Protein chains: 2
Amino acid sequence: MNKPELPSYLNNIHIVLTRTSHPANIGSAARAMKTMGLTKLILVAPKLMQTPMTPEPPQFDANCPEAFTLPEESYILASGARDVLEEAKVVSTLAEALAMTTLSCALTSRRRELTAPLHTPRELTPSLLVAAQSDQQVALVFGNETFGLSIEETQLCNRLITINGNPDYFSLNLAQAVQVICYELFSQVNVSMAHLQQELNLANHQQISSMVMHLRQIMDNAGFFNRRNEERLMRRMAAMFDRAALTTEDIDILRGFYNTINQRMQSK
Amino acid sequence: MNKPELPSYLNNIHIVLTRTSHPANIGSAARAMKTMGLTKLILVAPKLMQTPMTPEPPQFDANCPEAFTLPEESYILASGARDVLEEAKVVSTLAEALAMTTLSCALTSRRRELTAPLHTPRELTPSLLVAAQSDQQVALVFGNETFGLSIEETQLCNRLITINGNPDYFSLNLAQAVQVICYELFSQVNVSMAHLQQELNLANHQQISSMVMHLRQIMDNAGFFNRRNEERLMRRMAAMFDRAALTTEDIDILRGFYNTINQRMQSK
């Protein structure tokens with residue numbers, strides 16, 4: 001069966017990472033995005049730290065944002081999503097990143113003194129997808145790993161999005177937050193997943209009821225209904241089979257079994 | 001404003017990791033779980049590999065599963081979710097892990113020759129939460145990082161769950177898969193499911209597999225397997241029963257029927 005195509009409007013959805021510290025997170029974000037059909041990554045003033053794999057992190061120069069290159073660590077974590085990194089835009093300010101967008105969602109982890117309404121990803125995604133489908137540019141904005149988004153950065157966005165979880169313990173790192181958001185977005189895209197469906201030969205109503213009648217006969221021949229409520233038992237069995245999404249092969253096996261039992265009971 | 005309380009039925013949801021290789025993934029899974037209000041972790045025959053942080057990984061001994069201890073690396077990655085690791089159960093087989101469950105969902109990444117229906121987390125979560133709310137035990141089962149779940153392990157489960165994404169590129173590692181599943185579960189908590197609840201005494205994994213063994217015996221006694229593929233037939237029957245949401249009364253009827261048949265076949 002042909003693989004379905006990703007809808008092109010997914011290209012109108014931008015993942016914006018601001019002032020990211022860890023090179024690995026940028027790579028992981030790219031992988032998380034591509035896994036969920038997203039391709040547009042924007043980096044705002046990345047502020048890379050030293051890591052074991054990246055002892056000399058490239059320094060971002062606000063006067064020359066396009067000169068910034070990511071270290072190898074980012075590409076390693078990106079795995080087969082190198083292309084997302086290669087095509088990523090790098091800008092100096094969040095305002096530049098959001099310039100062409102109509103919807104911009106700041107991911108925030110806690111209630112702050114902010115006036116925009118707070119939404120869950122589940123709630124907000126439909127409007128994001130509708131906007132993207134109408135060729136509008138939308139952005140999901142993530143802050144620095146340690147400090148999140150600043151108040152000013154949050155206020156540049158016209159939506160607030162928060163991932164709900166355990167009120168007593170909430171530890172979701174940047175890569176995971178990006179993964180969850182991308183998962184939520186894709187989960188609401190109606191891409192036909194028909195290629196995942198299985199080829200089943202479901203038995204029809206008539207085949208099932210014939211099989212159940214056959215079972216009733218065998219049970220009767222065996223004396224199973226002596227001192228039992230035949231009607232009630234058969235109703236339970238019929239209901240059980242109705243829940244079981246029987247295939248024609250299941251019917252064949254069961255009826256073959258009933259026949260075999262019947263022969264054994266009679267032949268002796 | 002008082003912090004909301006996590007509903008206690010979340011404790012009826014078990015995250016099962018089978019044959020996990022990387023100690024860090026076990027820690028990350030614990031953190032992902034606790035972040036989404038889940039506390040019950042089960043490790044099945046962990047097969048830890050050497051890592052830079054864990055040069056001498058503890059070896060799991062099937063004869064003494066409770067003696068297994070996690071390396072420090074797992075605890076480091078678990079961060080503030082140490083308690084989940086400390087309370088994790090360790091068992092030798094998936095059957096043990098699933099014994100008391102009524103719903104067990106195998107996470108699979110691709111179509112396989114399997115007969116159980118394939119669901120997204122979005123679709124399956126309501127029934128998982130309803131079951132948990134009715135004090136049933138439910139499990140989400142994840143396989144080894146490289147190989148996933150074996151066919152046999154998948155067949156022990158009565159549901160298949162798959163996370164949809166980009167058909168051309170899908171790279172979700174174990175920790176992220178656990179995070180996404182836990183996120184989906186939590187995202188549907190507090191949606192009132194009262195209208196979906198049913199008064200059912202669902203049979204658990206152990207009761208069902210005992211009944212299927214009993215059926216196998218009867219079929220064998222009847223000579224039903226002569227010139228048939230016993231393994232294949234029993235797999236189809238087991239899968240059929242797994243779809244059927246059997247109640248304890250269904251089990252009683254079926255086993256009563258098998259006993260009756262057996263007597264009739266032998267007494268002559």
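The sequence lines fix the lettering, A, B, ..., with proteins before strands; numbering per chain opens at 1. Quick caveat, the model's predicted, so the values are computed rather than measured.
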(message) If I take atom CD from residue A:Q266 and atom CE from residue B:M265, how far apart are they, to the nearest 0.5 angstrom?
(response) 13.0 Å
(request) Could you tell me which portion of B:F186 (side chain, backbone, both or neither) has an atom closer than 4.5 angstrom to a non-hydrogen atom of chain A? (result) side chain
(request) Find the one option among A:R31, A:R228, A:M36, A:M240 whose heavy-atom pairs under 4.5 Å with chain B are most numerous. (result) A:R31
(request) Give, as side chain, backbone, both or neither, the part of A:L185 having an atom under 4.5 angstrom from any heavy atom of chain B. (result) neither
(message) Nearest 0.5 angstrom please: B:N173 CG to A:T35 OG1, how far?
(response) 9.5 Å
(request) Take B:Q188 and A:R122, measure what side chain to side chain contact (heavy atoms under 4.5 Å, CB included) needs, and give me the verdict at the end. (result) CA-CA 10 Å; B:Q188 297 198 35; A:R122 180 69 38 86; 3.9 Å; yes
(request) Could you tell me which portion of A:N259 (side chain, backbone, both or neither) has an atom closer than 4.5 angstrom to a non-hydrogen atom of chain B? (result) neither
(message) Looking only at the side chains, is there a donor atom on one of A:Y183 and B:Q179 sitting less than 3.5 Å from an acceptor on the other?
(response) no
(request) Answer with side chain, backbone, both or neither: which region of B:L10 has an atom nearer than 4.5 Å to a non-hydrogen atom of chain A? (result) neither
(message) I'd like to know if A:D250 and B:R243 make a salt bridge, using a cut-off of under 4.0 Å between side-chain N and carboxylate O.
(response) yes
(request) Sort A:A78 into side chain, backbone, both or neither according to what part of it lies under 4.5 angstrom from a heavy atom of chain B. (result) backbone
(request) Drop me the distance from A:I261's CD1 to B:T260's OG1, to the nearest 0.5 angstrom. (result) 11.0 Å
(message) Counting heavy-atom pairs closer than 4.5 Å to chain B, which one of A:I163, A:L38, A:N221, A:N164 comes out on top?
(response) A:N164
(message) Is B:T120 close to chain A through its backbone or its side chain, or both, or neither, when contacts mean heavy atoms under 4.5 Å?
(response) neither
(message) What's the separation between atom CE in A:M219 and atom CD1 in B:I253, rounded to the nearest 0.5 Å?
(response) 7.0 Å
(request) Mind ranking A:S171, A:A239, A:G37 by heavy-atom pairs under 4.5 Å with chain B and telling me who comes out on top? (result) A:S171
(request) Enter the distance from A:L233:CG to B:E249:CD here, rounded to the nearest 0.5 Å. (result) 7.5 Å
(request) Begin with the C-alpha distance, continue with both residues' side-chain angles, and end with the deciding distance and a verdict on side chain to side chain contact (heavy atoms under 4.5 Å, CB included) for B:F257 and A:I218. (result) CA-CA 10 Å; B:F257 172 51; A:I218 302 303; 4.1 Å; yes
(request) Work out which heavy atom in A:A81 is nearest to a heavy atom in B:Y169; give both atom names and the distance. (result) N-OH, 3.5 Å
(message) Out of B:G223, B:P121, B:G256, B:G80, return the one with the most heavy atom pairs under 4.5 angstrom to chain A.
(response) B:G80
